[in-house]
A.B. asks: 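Once you've had a glance at the structure underneath, I'll fire off some questions.
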Amino acid sequence: MRLSAFPLNTLRETPSDAEVVSHQLMLRAGMIRRLASGLYNWMPLGFRVLKKVEHIVREEMERAGALELLMPAVQPSELWQESGRWAEYGPELLRMKDRHQREFCFGPTHEEVITDIVRKELSSYRQLPVNYFQIQTKFRDEIRPRFGVMRAREFLMKDAYSFHLDEESLREGYRIMRNAYVRIFDRLGLEYRPVSADSGAIGGSVSEEFHVLADSGEDAIAFSDGDGYAANIELAEALPPSSARPAAQQKLAEIETPGIRSIAELTAFLSVEAEQCVKTLLVEGDESALVALVLRGDHELNPLKAEKLDGVAVPLRMADAGQIGDALGCEPGFIGPVGLSCPVYADHSALALADFVCGANRADCHLTGVNWERDADLPLAADLRNVVEGDPSPSGQGNLHIARGIEVGHIFQLGTKYSAAMDCAVLDENGRSIHPFMGCYGIGVSRIVAAAIEQNHDDKGIIWPQPIAPFEVVLVPINWTKSQRVRDAAGKLYTELRERGMDVLLDDRDLRPGVKFADAELIGIPHRIVIGDRGLDAGKFEYRYRRSEENEDIAVDEVFEKLGAASAG
RNA sequence: CGGGGCAUGGCGCAGUCUGGUAGCGCAUCUGCUUUGGGAGCAGAGGGUCGGCGGUUCGAAUCCGUCUGCCCCGACCA
């Protein structure tokens, strides 16, 4: 591509409403333009990247034996009524009516449609297993779209659905998809991790997410330094402390703590460690009005774990100040486990404390020297907290570390939820009708583009991994308009590189070199070759790798070798 | 949905408090000079100041209303 024929609208200034670096750089590089909240135009430069990601995903899906098809983005409500999700799915589902007042939705996912296809098309176990996939625009009406295409409402997704005669076949199909995902993310050139994940309301037993590691990631993941254990922090189990609870030493005392509501304020006020304090959260119960959850002061509640406790309402709802006032006669900020009449769960770590500090269930008062059994009834023990850096791994090997990740893929063993609800059946070898076991496998194609930038950028701009770079190499001729030799040399190199199948960008604009360098760095082209009279005198081009700080003079006939070697590495 | 904020040329902003008919930087266009890290000079184009209504001799500015967008809220015990 000649840049003189490619409108490249780069911005020197950062648009004010872009918060994360990928969003800023995608706007500055002219890859995307916002159309409305959560809706983006993919400009030619950005679309090239999107297509490259899509291409790798498609190739590996096909290699794994999946069959590509295309389902409508708009789906009739009837199918969603059948699965029960028309009612279950909240306002994230964009619903609409056609001119005959029939209800439709813009598909956020396609389990219903694919199940409908399979029940109509397949009738024998001989046709299983099968895996269908599509790469298609999805819409989810996010509460708060943000971070550009990272959390957009409309986005490009690869979704695949497999159908199996039995669970063993499902596990095999899942394993094949998992391997395909590993190949995909390897090929994309990203640092990533597959982690165990919550299968949530969708059901099924096994589910893994693929995360691109980046400090700005919205998810926290925990992984062990002792073995391959890795899990979303939502799921990572916190093991109970190995040491027994120490004996009580202090007496119970009530102290005045006017206006001291948070653990941070309490530790400053009393000069105690957060680890010696306990916080008591009240959540709504499904039978009793409220349920108390007790955590060590330095720990965070894991809402997913709390939701799974008997007696806790789903979804988890924190009690508000009014409910707390009615039940305890005090405000939030002064709650403690002593003398509570509602069901109480305590995290293992909180339960292992002696002589701890907690709220007194009276305004502006806390208790010190509190001990379980002596002062407060022994609560039910549970794992309630998020794991923290250094916790022992639940795998029994090593300690946990916490990293941040961007979820770019999610694979599930679904089971028969949809095939049963929608009565999708085939005959098995005994002539009996069975509901196939299903797996589903998603990849956020457009999100991968943003995630790649989050992981690969510097203060000058994007640094594309070569497999998804919009162009692999940029040629920067110096003094293009005036120097015939530069034009000849650059033109020749451009043609030769293209003949070798490379994506080449020739910056033939009549601009000063500084502008061209800055643009090339901003849009993140991995390889740069500068062609100038100065170098041509010596029979050399100047080569620079995007990640490098230094130039390298290479002989004219070394270019192909250089780029070949660089692309291989 | 609740709280806060913003809306002025393609982008980033000033002007609003204190009403007098719109300005700066970047970008764009023309000419000349310049050509190894976002050039210089000279000139030019582009804005119903988000919409509607009101107050006023006069509104970007004051009042009301609507719309759009952004941020925070889901860990407070």
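Predicted model only: the values in this text are computed from it and were never measured. The sequence lines fix the lettering, A, B, ..., with proteins before strands; numbering per chain opens at 1.
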A.B. asks: In terms of side-chain heavy atoms of A:L11, which of B:rC11, B:rC71, B:rU35 is nearest?
C.D. replies: B:rC11
A.B. asks: Please determine, for B:rG37, whether a Watson-Crick or G-U wobble partner exists with both distances under 3.5 Å, and give it or none.
C.D. replies: none
A.B. asks: Among A:R544, A:E542, A:K540, A:K516, which residue meets the side-chain contact (heavy atoms from CB on, under 4.5 Å) test with A:V530?
C.D. replies: A:E542
A.B. asks: Does any nucleotide pair with B:rA42 by Watson-Crick or G-U wobble geometry, both distances under 3.5 Å, and what is it?
C.D. replies: B:rU30
A.B. asks: Please report, rounded to the nearest Å, how far the P atom of B:rA74 is from the CD atom of A:E218.
C.D. replies: 15 Å
A.B. asks: Quick one: which of B:rA77, B:rG37, B:rC70 gets closest to the side chain of A:I335?
C.D. replies: B:rA77
A.B. asks: Roughly how many Å is it from CG in A:N479 to P in B:rG36, rounded to a whole number?
C.D. replies: 7 Å
A.B. asks: How close or far is atom C1' of B:rA27 from atom CG of A:L27, stated in whole angstroms?
C.D. replies: 16 Å
A.B. asks: Check every atom of B:rC1, B:rC11, B:rC72 against the side chain of A:P15 and return the nucleotide holding the closest atom.
C.D. replies: B:rC11
A.B. asks: CZ of A:R12 versus C1' of B:rG38: gap in Å, rounded?
C.D. replies: 4 Å
A.B. asks: Considering only the P atoms, how many Å lie between B:rG43 and B:rG50, rounded to the nearest integer?
C.D. replies: 31 Å
A.B. asks: Could you state the atom-to-atom distance from CD of A:E265 to C1' of B:rA77 in whole Å?
C.D. replies: 10 Å
A.B. asks: Using modelled atom types only, decide if a donor and an acceptor are shared between the side chain of A:E307 and the backbone of A:L316 within a distance under 3.5 Å.
C.D. replies: yes
A.B. asks: Is the cationic atom of A:R528 (NZ for Lys, CZ for Arg) positioned less than 6.0 Å from the six-membered ring centroid of A:F517 and within 45 degrees of its normal?
C.D. replies: yes
A.B. asks: Is the shortest heavy-atom distance from the side chain of A:L25 to the side chain of A:L522 under 4.5 Å?
C.D. replies: yes
A.B. asks: Tell me which nucleotide, if any, is Watson-Crick or G-U wobble paired with B:rC49 when both distances must be under 3.5 Å.
C.D. replies: none
A.B. asks: Please determine, for the side chain of A:I263, which listed nucleotide (B:rC69, B:rA77, B:rG37) has the closest atom?
C.D. replies: B:rA77
A.B. asks: Looking at B:rA14, which nucleotide sits across from it as a Watson-Crick or G-U wobble partner, both distances under 3.5 angstrom, or is there none?
C.D. replies: none
A.B. asks: Checking side-chain contact (heavy atoms from CB on, under 4.5 Å) against A:R385, which of A:L293, A:D391, A:D298 comes through?
C.D. replies: A:D391
A.B. asks: Which nucleotide in the list B:rU35, B:rG37, B:rC1 gets nearest to the side chain of A:R544?
C.D. replies: B:rG37
A.B. asks: Provide, to the nearest angstrom, the distance between the CD atom belonging to A:Q24 and the P atom belonging to B:rG12.
C.D. replies: 12 Å
A.B. asks: Per the atom types in the model, does the base of B:rG10 pair as donor or acceptor with the side chain of A:R34 at under 3.5 Å?
C.D. replies: no
A.B. asks: If you pin A:V278 and A:T10 to their nearest nucleotides in RNA chain B, which one's is more 5'?
C.D. replies: A:T10
A.B. asks: So which nucleotide from B:rG36, B:rU35, B:rC26 ends up closest to the side chain of A:N551?
C.D. replies: B:rG36
A.B. asks: Is the ring centre of A:W464 less than 6.0 Å from the ring centre of A:F471?
C.D. replies: no
A.B. asks: Nearest to the A:I478 side chain among B:rG36, B:rA77, B:rG37, which nucleotide is it?
C.D. replies: B:rG36
A.B. asks: Provide the distance between the two P atoms, one in B:rG46 and one in B:rG9, to the nearest whole Å.
C.D. replies: 15 Å
A.B. asks: Using the P atom as the reference point in each nucleotide, state the distance between B:rG3 and B:rC11 in Å, no decimals.
C.D. replies: 30 Å
A.B. asks: Tell whether A:D519 reaches the base of B:rG38 with its side chain through a donor-acceptor pair below 3.5 angstrom.
C.D. replies: yes
A.B. asks: Looking at B:rG2, which nucleotide sits across from it as a Watson-Crick or G-U wobble partner, both distances under 3.5 angstrom, or is there none?
C.D. replies: B:rC72
A.B. asks: Please give the distance between the P atoms of B:rU28 and B:rC63 as a whole number of Å.
C.D. replies: 39 Å
A.B. asks: Out of B:rA77, B:rG36, B:rG12, which nucleotide sits closest to the side chain of A:V530?
C.D. replies: B:rG36
A.B. asks: Can you measure A:K516 atom NZ to B:rA39 atom C1' for me and round it to whole angstrom units?
C.D. replies: 14 Å
A.B. asks: Please report the distance, rounded to the nearest Å, between CZ in A:R509 and P in B:rA27.
C.D. replies: 12 Å
A.B. asks: By nearest atom, which of the nucleotides B:rG36, B:rG12, B:rC69 is closest to the A:S37 side chain?
C.D. replies: B:rC69
A.B. asks: Distance between the P atoms of B:rG23 and B:rG47, in whole angstroms?
C.D. replies: 13 Å
A.B. asks: Let's see if you can work this out: which of B:rC71, B:rC69, B:rC76 has an atom nearest to the side-chain heavy atoms of A:D17?
C.D. replies: B:rC69
A.B. asks: Using atom P of each nucleotide, how far apart are B:rA22 and B:rA60 to the nearest Å?
C.D. replies: 9 Å
